[in-house]
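Accompanying notes for the structure given below.
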Amino acid sequence: MSGTKLTEYTQFAGCGAKLGPGLLDKALCNLRQPKYEELLVDFTTSDDAGVYQIDEDTALVQTVDFFPPIVDDSYAFGQIAAANALSDIYAMGGRPITALSIVCFPADSIAVDELRRIMEGALSKLEEAGAPLVGGHSIDDPELKFGLAVSGTIRPSAVWRNNGLRAGDRLILTKHLGTGTINTAMRANRASQESVAAATRSMTTLNKTAAEILRGFDVHAMTDVTGFGLAGHACEMLQSSKDVSIRIDLGELSLLPGTQEYIEAGFVPGGTGRNREFRLPLVEHAAGLSDAQLNLLFDPQTSGGLLVALPESSAERARAALLDAGVDAFFCGSVEKGTGTVRVATEP
């Protein structure tokens, strides 16, 4: 490896063009940094984590994520935040090795015992992942927020990217959809115990087993479905694949209990509207879809499943292996020749 190329620069994409609707995206737009030869995956491609090559056999995978509580139980919140942060490492094909905690905590209004419970929950998931907590940083803040910065390792040749789609691929999603909708209904005290329990189980489940199973197959593209919803992350996968389109089969989507009912009752997260506004131009014939259908497609997920594109020839075997390992895997669509759009099929 020859080291950094300081005479060449990477320019982050134009405002809103590629990087998404987030504040950091807007702050970085049109800024530049030197091109680093060792930097295999960076911010500009909307991949789930950055990848930096250390030597011929090892690359470092890095990610960070944190957010306010989305459930009432502090221990469960810690588990969810940890699972969500770890997911980006698994989505790149990496193995988590260490984590740092990020804490914003209102010490004057919440007892420190609640923070201890959050940390206990996070540690339980880090132990499951085999990644020790090595430190962190906390600040006194009016609103509680918690998350992790996670580092992992991977062979440079084994990195899963989000942009390797090929016509003929089938798409598998490894968790049911609906966490955003259920969490919204829960805050309105309208979600059933069954729905809340199912959503919590899903959000606290690591994508570790799914990633381990999928390493045995020819994965063409991979991402995890989180805040942009299924359709939003499908759009990200298409950014560098203008010769294909993604077909999402609405009838094949597997939902957490109560999701459809809550959507139709109007329990729609604020992020759903932002996702729709940002990505709807890439959805073919969106005017023919109902609000309920669009709200499902753009429902922001927390600690969602892995969305994987595999060849048709191995997709059935991959799904069977995932199911045998206890992963809730289901087919959700396919990749077709196209122009970088999302096609939604409402009938088989």
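Computed from heavy atoms alone, side chains included, the values below leave out hydrogens, waters and symmetry copies.
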Is there a side chain to side chain contact (heavy atoms under 4.5 Å, CB included) between Leu307 and Asp224 once you walk through the steps? CA-CA 6 Å; Leu307 179 61; Asp224 63 340; over 6 Å; no
Quick one: do Asp291 and Arg276 satisfy salt bridge (Lys or Arg N to Asp or Glu O under 4.0 Å)? Show the steps, please. CA-CA 10 Å; Asp291 275 345; Arg276 285 178 57 169; 3.1 Å; yes
Glu212 atom CD, over 12 foreign heavy atoms within 6.0 Å: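 Result for CD/Glu212: enclosed.
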For atom CZ of Arg116, decide whether the heavy atoms of other residues, nucleotides or ligands shown that lie under 6.0 angstrom number more than 12. no
Quick one: does NZ or CZ of Arg170 land under 6.0 Å from the six-membered ring centre of Phe331, within 45 degrees of the ring axis?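 Yes, a cation-pi geometry holds between Arg170 and Phe331.
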Run the salt bridge (charged side-chain N to carboxylate O under 4.0 Å, His left out) test against Glu128 and tell me which residues pass, sequence neighbours left out.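 Only Lys125 meet the salt bridge (charged side-chain N to carboxylate O under 4.0 Å, His left out) criterion with Glu128.
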Results of salt bridge (charged side-chain N to carboxylate O under 4.0 Å, His left out) for Glu120 - residues two or more places apart only: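 Salt bridge (charged side-chain N to carboxylate O under 4.0 Å, His left out) list for Glu120, sorted by chain: Arg117.
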For Leu280 against Ala286, the heavy-atom pair lying closest together: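 In terms of heavy atoms, the two residues are closest at CD1-CB, 3.8 Å.
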Note: Ser101 and Phe146 closest approach over all heavy atoms is CB-CE1, 4.0 Å
Begin with the C-alpha distance, continue with both residues' side-chain angles, and end with the deciding distance and a verdict on salt bridge (Lys or Arg N to Asp or Glu O under 4.0 Å) for Lys145 and Glu143. CA-CA 6 Å; Lys145 307 175 193 72; Glu143 183 180 16; 3.8 Å; yes
Any side-chain heavy-atom pair from Leu173 and Phe330 closer than 4.5 angstrom? yes
Are [X] and [Y] connected in the hydrophobic side-chain network, where two residues link if heavy atoms are under 4.5 Å apart?
{"X": "Val219", "Y": "Leu306", "result": "yes"}
{"X": "Leu294", "Y": "Phe267", "result": "no"}
{"X": "Met203", "Y": "Met119", "result": "yes"}
{"X": "Val327", "Y": "Leu310", "result": "yes"}
{"X": "Leu206", "Y": "Leu256", "result": "no"}

By side chain to side chain donor-acceptor pair (under 3.5 Å), which residues pair with Asn183, not counting sequence neighbours?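 Partners of Asn183 by the side chain to side chain donor-acceptor pair (under 3.5 Å) criterion come out as none, since no residue qualifies.
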Test side chain to side chain contact (heavy atoms under 4.5 Å, CB included) applied to Leu86 and Leu126, step by step: CA-CA 8 Å; Leu86 288 162; Leu126 288 174; 4.2 Å; yes
With no hydrogens and no angle check, do the side chains of Thr226 and Gln301 hold a donor and an acceptor under 3.5 Å apart?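 On atom types as modelled, these side chains do not qualify, holding no pair under 3.5 Å.
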Quick one: sort the Phe67 and Phe77 rings into parallel, tilted or perpendicular, breaks at 30° and 60°. tilted
Passes salt bridge (Lys or Arg N to Asp or Glu O under 4.0 Å), Asp47 versus Arg161? Steps please. CA-CA 7 Å; Asp47 273 290; Arg161 301 292 302 274; 2.9 Å; yes
